[in-house]
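Read the structure below first, then the notes.
Start at 1 and go down the list; that is how both ligands and their atoms are numbered.
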Amino acid sequence: MYAGHLAAGLAIKAVVPRAPTAALTVLVFLPHFLWLGLSVGGVETVTPGAWFDGWSHSFASVIVQAVLVGALWWLRDARVAIALTSAVLSHIVLDLPVHPAALEWYPHAGSGFGNLLHGWADEGGALAKTPGWWVEAAIVLCGSGLYIAMARRIGVRSPAAAAVTVLVASLHIAFG
Ligand SMILES: [Zn+2]
């Protein structure tokens, strides 16, 4: 999932306009960036039958990542700190339905929760798209919709807000 995470960042921006867009954009993907580094380093693996991404994607790990981000920002601006913490936490919430495996409670827990669409997230669905694709489309619609609705309040001109939304939607259509 890429566009769905970006849409979450847009939704948070709409609610807390002071939160820096660049930081939100990076932080909604923080577990993904960790996963990239750890999988390249061989610590995490997505080999079928040997799936392990507990350091980047377990509940405990993502909560620690979110708390650290919040702590770094807390003294500067508490409201922005909460927004950035939410950006990191949104990752795990959005991954719950479509993540290829259940998200572990903590690294190497051996149990967890998630993969809610297991069995049919990648099966054929309406208009030749998978149910997982439609779930993400709904997330993109909600996040982008909120961003467009709040554009004026957060000082973004409507054409710019529309352009960002089209970009995120295009990402989903092209890569979703
Ligand atoms: Zn993820």
Side-chain angles (χ1 to χ4, degrees), residues 1-13 15 19-70 72-73 82-123 125 129-144 146-147 164 167-176:
M1 176 183 293
Y2 298 102
H5 291 305
L6 284 173
L10 290 181
I12 294 169
K13 177 75 182 176
V15 177
T21 305
L24 286 173
T25 306
V26 169
L27 291 173
V28 291
F29 289 110
L30 186 59
H32 261 28
F33 290 133
L34 259 183
W35 170 77
L36 265 178
L38 291 171
S39 59
V40 167
V43 177
E44 297 197 339
T45 170
V46 293
T47 315
W51 185 282
F52 173 70
D53 61 357
W55 291 110
S56 63
H57 275 75
S58 65
F59 285 89
S61 168
V62 176
I63 289 169
V64 167
Q65 293 168 46
V67 168
L68 285 176
V69 164
L72 285 174
W73 234 277
I82 291 168
L84 299 182
T85 300
S86 307
V88 179
L89 290 177
S90 75
H91 190 97
I92 207 164
V93 174
L94 298 188
D95 271 8
L96 279 178
V98 297
H99 202 64
L103 298 151
E104 287 188 300
W105 297 120
Y106 54 88
H108 296 294
S111 62
F113 179 67
N115 187 223
L116 301 179
L117 297 183
H118 183 64
W120 59 280
D122 293 325
E123 284 175 10
K129 296 294 182 186
T130 64
W133 189 93
W134 285 108
V135 167
E136 188 173 356
I139 294 165
V140 169
L141 204 67
C142 292
S144 303
L146 184 63
Y147 183 70
V164 168
L167 184 70
V168 173
S170 309
L171 267 177
H172 181 51
I173 291 163
F175 300 108

When you check the side-chain N and O atoms of Glu104 and Ser111, is any donor under 3.5 Å from an acceptor?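 Not at all, the side chains of Glu104 and Ser111 share no donor-acceptor pair under 3.5 Å.
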
Kindly indicate whether the side chain of Ile63, heavy atoms from C-beta on, has any atom under 4.5 Å from the side chain of Leu89.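 The answer is yes; the side chains approach within 4.5 Å.
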
Check: Leu34 and Gln65 side chains under 4.5 Å, non-hydrogen atoms: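 Touching, per the 4.5 Å side-chain cut-off.
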
Can you sort out the partners of Val28 under side chain to side chain contact (heavy atoms under 4.5 Å, CB included), two or more places apart, ordered by chain and number?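 Applying side chain to side chain contact (heavy atoms under 4.5 Å, CB included) to Val28 gives His5, Ala87, Ser90.
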
Ring center gap for Trp51 and His99 short of 6.0 angstrom: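 Yes: the rings meet the under 6.0 Å criterion.
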
Using 30° and 60° as the class boundaries, would you call the ring planes of His108 and Trp55 parallel, tilted or perpendicular?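 His108 vs Trp55 ring planes: perpendicular.
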
Shell of protein N/O/S atoms around the Zn ion (ligand 1), taken as anything under 2.8 Å: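 Listed by chain and number, the atoms are His32 ND1, His57 NE2, His91 NE2, Asp95 OD2.
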
